[in-house]
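First comes the structure, then the notes that go with it.
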Amino acid sequence: MSPRRSSRGSSCQSVVLTAIFGVGLPLAVLFALVRDAPAVGIPLLLAALGGGAAYVVRLVRKSDRRRLQRARQAQWDAYEAQLYDVQSREIARYHTLGHREFEHAIAYLCQRDGCTDVVVSGGAGDLGADVTATAPDGRRIVIQCKRYGPTTKVGSPDMQRFGGTCYSVHRAHIPVVVTTSTFTRQAADYAAAQGICLYGEQALAGWASRTGPAPWHDHQPAV
């Protein structure tokens with residue numbers, strides 16, 4: 001006999017012995033009590049059967065909860081995959097635009113989502129304000145657009161130039177830098193300190209596809 005077969009046989013024997021001694025013997029004792037002393041045995045037997053039924057119900061409910069959790073997780077995974085696909089297509093579309101086209105595309109998003117007085121002012125002498133608008137709640141939005149490739153990040157010098165004009169020159173309530181790329185750590189730290197809203201490629205894709213918020217939603221100014 002092979003060691004594997006011997007091990008399997010020992011495992012089966014353990015299960016059988018457990019069933020006999022863990023369940024069979026107590027039941028045999030209870031049935032003997034029912035036969036010899038019904039007044040004592042019947043209540044004990046009913047209690048044992050009730051406990052066993054309750055245990056089975058708990059097992060079924062636990063199994064149902066696990067199935068429900070797996071079903072919900074599968075639905076969430078499918079939703080995330082669909083969301084990622086939509087946003088990936090959206091950001092790819094922005095990468096095909098030129099710099100001036102990108103500014104007009106951002107202006108369109110502002111107008112689409114309820115902004116008024118939307119102006120594309122990017123160009124020489126704009127002092128960092130490529131798009132200006134009035135948010136639905138009346139706050140002034142000043143946006144700098146950075147149509148960069150995926151390997152070119154918006155750095156701290158870009159952010160500091162914008163930070164030097166967005167409040168003092170353009171009177172922004174909500175200064176925003178939107179890019180088709182991402183930001184360096186130094187740029188993100190500076191923006192956080194100055195209350196500048198950063199919209200990288202993922203946030204832009206969410207805004208454009210209506211699966212994420214516009215920059216002026218829940219924006220908190222710098223203290």
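- Formation of a donor-acceptor pair under 3.5 Å by the Y167 side chain with backbone atoms of Q194 is found in this model.
- Looking at K146 and D158, their side chains come closer than 4.5 Å, going by heavy atoms from C-beta outward.
- Between H170 atom NE2 and I141 atom CD1 the span is 14.5 Å, to the nearest 0.5 Å.
- Across all their heavy atoms, S121 and T132 have their closest contact at OG-CG2, 4.3 Å.
- Looking only at distances, no side-chain donor or acceptor of R171 sits under 3.5 Å from a matching main-chain atom of R140.
- Put simply, CD on Q144 and CD1 on I196 are 9.0 Å apart, with the number rounded to the nearest 0.5 Å.
- You'll find the side chain of F102 reaches within 4.5 Å of the side chain of V178, heavy atoms only.
- Partners of P157 by side chain to side chain contact (heavy atoms under 4.5 Å, CB included), not counting sequence neighbours, listed by chain and number: R161.
- In terms of heavy-atom proximity, G200 sits nearest to F183 at N-CE1, 3.6 Å.
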Under 3.5 Å donor-acceptor pairs involving side-chain atoms of residues 104-120, not counting sequence neighbours:
from : atom 1 : to   : atom 2 : distance (Å)
R112 : NH1    : A208 : O      : 2.9
R112 : NH2    : W207 : O      : 2.9
D113 : OD2    : W207 : NE1    : 2.8
D117 : OD2    : T134 : OG1    : 3.3

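- Nearest approach of L198 to A188, heavy atoms of both residues: CD1-CA, 3.7 Å.
- What you find for P213 and Y199 is that their closest heavy atoms are O-OH, 2.6 Å.
- The nearest pair of heavy atoms linking G164 to S168 is O-OG, 3.0 Å.
- Q160 is linked by a side chain to side chain contact (heavy atoms under 4.5 Å, CB included) to S156, Y190, counting only residues two or more places apart in sequence or in another chain.
- Nearest heavy-atom pair across P175 and G195 is CG-O, 3.7 Å.
- For the pair L204/T180, a side-chain contact is recorded, criterion being any heavy-atom separation below 4.5 Å from C-beta on.
- For the pair H95/P150, a side-chain contact is recorded, criterion being any heavy-atom separation below 4.5 Å from C-beta on.
- Within the 4.5 Å cutoff, the side chain of D130 has no heavy atoms near those of the I143 side chain.
- Looking only at distances, a side-chain donor or acceptor of R147 sits under 3.5 Å from a matching main-chain atom of L97.
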